[in-house]
Amino acid sequence: MQKAFALVDCNSFYCSCERVFRPELNQRPVIVLSNNDGCAIARTAEAKQLGIKMGDPYFKIKKLCQDNQVEVFSSNFALYTNLSDRVMSTLNNLCPKIEIYSIDEAFCDLTGIKDLSPFGFKIQQTILKNIGIPVGVGIAPTKVLAKLANHIAKKSKLSGGVVNLMDVDFRMMAMKKVPVEEVWGIGRASSEKLHALGLHTVYDFATYKNEEHIQKILTKVGLQIKHELLGINCFSLGQDVEKKKEIMCSRTFGQSVFAKEHLKESIANYITNASEKMRRQDSLCSELSVFARTNPFKEGAQFYMYDRIKIQHPTRDTRKLIYFAFEMLEANFREGYEYKKAGVKLSGFFNTHEYQLDFFNTGDTLSDLKLMQVIDEINKREGEGTLKFAACGVDDKAWRMNRGHKSPRYLTSWNDLKEFN
DNA sequence: TCTGGGGTCCTAGGACCC
DNA sequence: TCTGGGGTCCTAGGACCC
């Protein structure tokens with residue numbers, strides 16, 4: 001049977017989330033900044049009109065924002081994650097087979113459904129009514145084409161936010177109008193290679209005859225993308241929530257950090273955060289990486305500190321991981337540099353129940369596990385950071401991020417809810 | 001003064017083994 | 001004098017995504 005996929009994507013998601021609680025901001029330009037109020041990571045159509053680009057550093061567009069009354073928010077991920085969960089569960093009620101692709105996007109398997117375009121509009125209207133988030137819907141026989149349909153839905157005002165590319169003639173016509181760099185999976189490097197071959201539109205790429213050459217310059221995945229554009233299914237709907245293969249936590253500091261002690265505190269906090277995530281997916285880790293670096297945008301001496309270890313007895317114990325991270329820091333830290341960012345990565349995961357304890361096991365004991373479990377439960381109930389290790393420090397002023405424009409946590413904190421009028 | 005954070009997949013090449 | 005060939009595993013780095 002002919003497959004049918006929909007890609008449902010929330011419009012300017014973080015901005016739309018802020019608008020849910022501040023409806024007076026509809027029709028007004030809104031942007032959301034990255035951590036540390038560094039750069040713009042979400043813009044409404046009105047903000048895009050003003051020329052604000054994805055990733056523009058805030059200090060460069062600050063004046064433009066002030067002059068045009070752009071509403072500026074620091075990122076509030078607790079809020080966005082919560083609204084994302086609601087969007088996804090609404091979607092799941094409408095179409096049971098979905099793959100959550102990112103915080104603001106999901107693929108749906110619509111195979112067998114008859115009137116696909118009306119169904120697309122139904123999805124759009126239900127999510128808007130139930131959650132208050134506007135979405136675009138792209139419908140097509142493969143995932144790559146559904147992404148393309150969604151892209152067209154965003155660009156074309158006539159579409160009403162829903163584009164159906166199931167019809168092959170209509171699809172071919174549409175593909176002639178879209179530049180090849182808009183294809184999902186074709187980034188800058190690949191599109192330069194395709195341009196060099198004289199392939200400029202999606203249609204040019206999809207109908208290019210020399211597939212061996214495509215595989216050679218764009219690898220196996222590049223060829224699969226080309227096939228998907230021709231309507232041949234190469235990527236299926238990944239339904240199971242797969243476990244992460246690595247978990248990272250890193251931050252840019254609010255100020256430059258010089259002291260090893262401050263660096264250690266920040267690292268201890270990142271380990272705490274990452275290892276809690278790891279326990280939530282029921283993993284043990286056998287590899288730990290730590291890095292710290294100076295500000296590459298700033299003139300002056302640069303230093304990138306990086307180290308990685310294998311852990312002989314995989315662990316899920318925050319204390320051990322902090323201990324190992326500190327050892328790496330002690331061995332690699334260099335005095336006198338202006339550190340601007342640091343982070344950690346946990347990887348080499350095992351499932352907790354799959355890992356065989358060996359005879360001379362010095363891995364996590366039952367009481368270690370119990371302790372971590374209790375800490376996680378208390379922090380879940382009483383709020384993040386209620387219980388933490390002394391290594392994390394009590395005063396984080398020296399390195400904490402700046403977030404001057406943060407909205408209240410309307411959905412995750414009773415204290416903040418009173419801000420809602 | 002001020003430039004985010006967190007992921008996945010693929011490939012080439014080295015190390016190592018028989 | 002003459003010094004193979006094939007396989008696997010691991011890692012670093014590139015490319016891409018949101």
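Model, not experiment: these values are computed from the prediction.
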What is the separation between atom [atom1] on [X] and atom [atom2] on [N], rounded to the nearest whole Å?
{"X": "F13(A)", "N": "dC17(C)", "atom1": "CZ", "atom2": "P", "answer": "21 Å"}
{"X": "F107(A)", "N": "dC18(C)", "atom1": "CZ", "atom2": "C1'", "answer": "12 Å"}
{"X": "E181(A)", "N": "dC17(C)", "atom1": "CD", "atom2": "P", "answer": "11 Å"}
{"X": "D37(A)", "N": "dT3(B)", "atom1": "CG", "atom2": "C1'", "answer": "12 Å"}
{"X": "I100(A)", "N": "dC17(C)", "atom1": "CD1", "atom2": "P", "answer": "21 Å"}
{"X": "Y14(A)", "N": "dG6(B)", "atom1": "OH", "atom2": "C1'", "answer": "10 Å"}
{"X": "N150(A)", "N": "dC18(C)", "atom1": "CG", "atom2": "C1'", "answer": "13 Å"}
{"X": "L33(A)", "N": "dT3(B)", "atom1": "CG", "atom2": "P", "answer": "12 Å"}

| request: Say whether E265(A) and W399(A), considering side chains only, have a donor N or O and an acceptor N or O under 3.5 Å apart. | output: yes
Salt bridge present between [X] and [Y] (N-O < 4.0 angstrom):
{"X": "E46(A)", "Y": "R19(A)", "answer": "yes"}
{"X": "D376(A)", "Y": "K380(A)", "answer": "no"}
{"X": "K147(A)", "Y": "E105(A)", "answer": "yes"}
{"X": "K320(A)", "Y": "D364(A)", "answer": "yes"}
{"X": "E181(A)", "Y": "R188(A)", "answer": "no"}

According to a strict under-4.0 Å criterion, is [X] in side-chain N/O contact with OP1 or OP2 of [N]?
{"X": "T252(A)", "N": "dT3(B)", "value": "no"}
{"X": "N36(A)", "N": "dC2(B)", "value": "no"}
{"X": "K341(A)", "N": "dG5(B)", "value": "yes"}
{"X": "S190(A)", "N": "dC16(C)", "value": "yes"}
{"X": "K345(A)", "N": "dG5(B)", "value": "no"}

Give one of base, sugar-phosphate or nothing for [X], where a contact means two heavy atoms less than 4.0 Å apart.
{"X": "K244(A)", "value": "sugar-phosphate"}
{"X": "K277(A)", "value": "sugar-phosphate"}
{"X": "I247(A)", "value": "sugar-phosphate"}
{"X": "F297(A)", "value": "base"}
{"X": "V32(A)", "value": "nothing"}
{"X": "N402(A)", "value": "nothing"}
{"X": "E105(A)", "value": "sugar-phosphate"}

For the side chain of [X], starting at C-beta, report the closest nucleotide among [options].
{"X": "R188(A)", "options": "dC17(C), dG4(B), dC16(C)", "answer": "dC16(C)"}
{"X": "S102(A)", "options": "dC2(B), dC18(C), dG5(B)", "answer": "dC18(C)"}
{"X": "I41(A)", "options": "dT3(B), dC18(C), dG4(B)", "answer": "dG4(B)"}

Atom pairs under 3.5 Å, N or O on each side, protein against nucleotides 7-13 of chain C: can you list them with distances?
unit_1	atom_1	unit_2	atom_2	d
dT11(C)	OP1	K310(A)	NZ	3.2

| E242(A) or N35(A), whichever maps to the more 5' nucleotide of DNA chain B | N35(A)
| message | Reading DNA chain B from 5' onward, which residue's closest nucleotide shows up sooner: K245(A) or S250(A)? | response | S250(A)
| remark: As its Watson-Crick or G-U partner within any shown strand, both distances under 3.5 Å, dC18(B) has dG5(C)
| request: Run the numbers on E71(A) and R28(A) for salt bridge (charged side-chain N to carboxylate O under 4.0 Å, His left out), then give the verdict. | output: CA-CA 8 Å; E71(A) 198 72 25; R28(A) 280 197 40 205; 3.2 Å; yes
| Is the NZ or CZ atom of K340(A) both under 6.0 Å from the centre of the six-membered ring of F253(A) and within 45° of that ring's axis? | no
| query | What class does the angle between the rings of Y339(A) and Y337(A) fall in, given that below 30° is parallel, 30 to 60° is tilted and above 60° is perpendicular? | reply | perpendicular
| How far does the C1' atom of dC16(B) sit from the matching atom of dG4(C), given to the nearest Å? | 16 Å
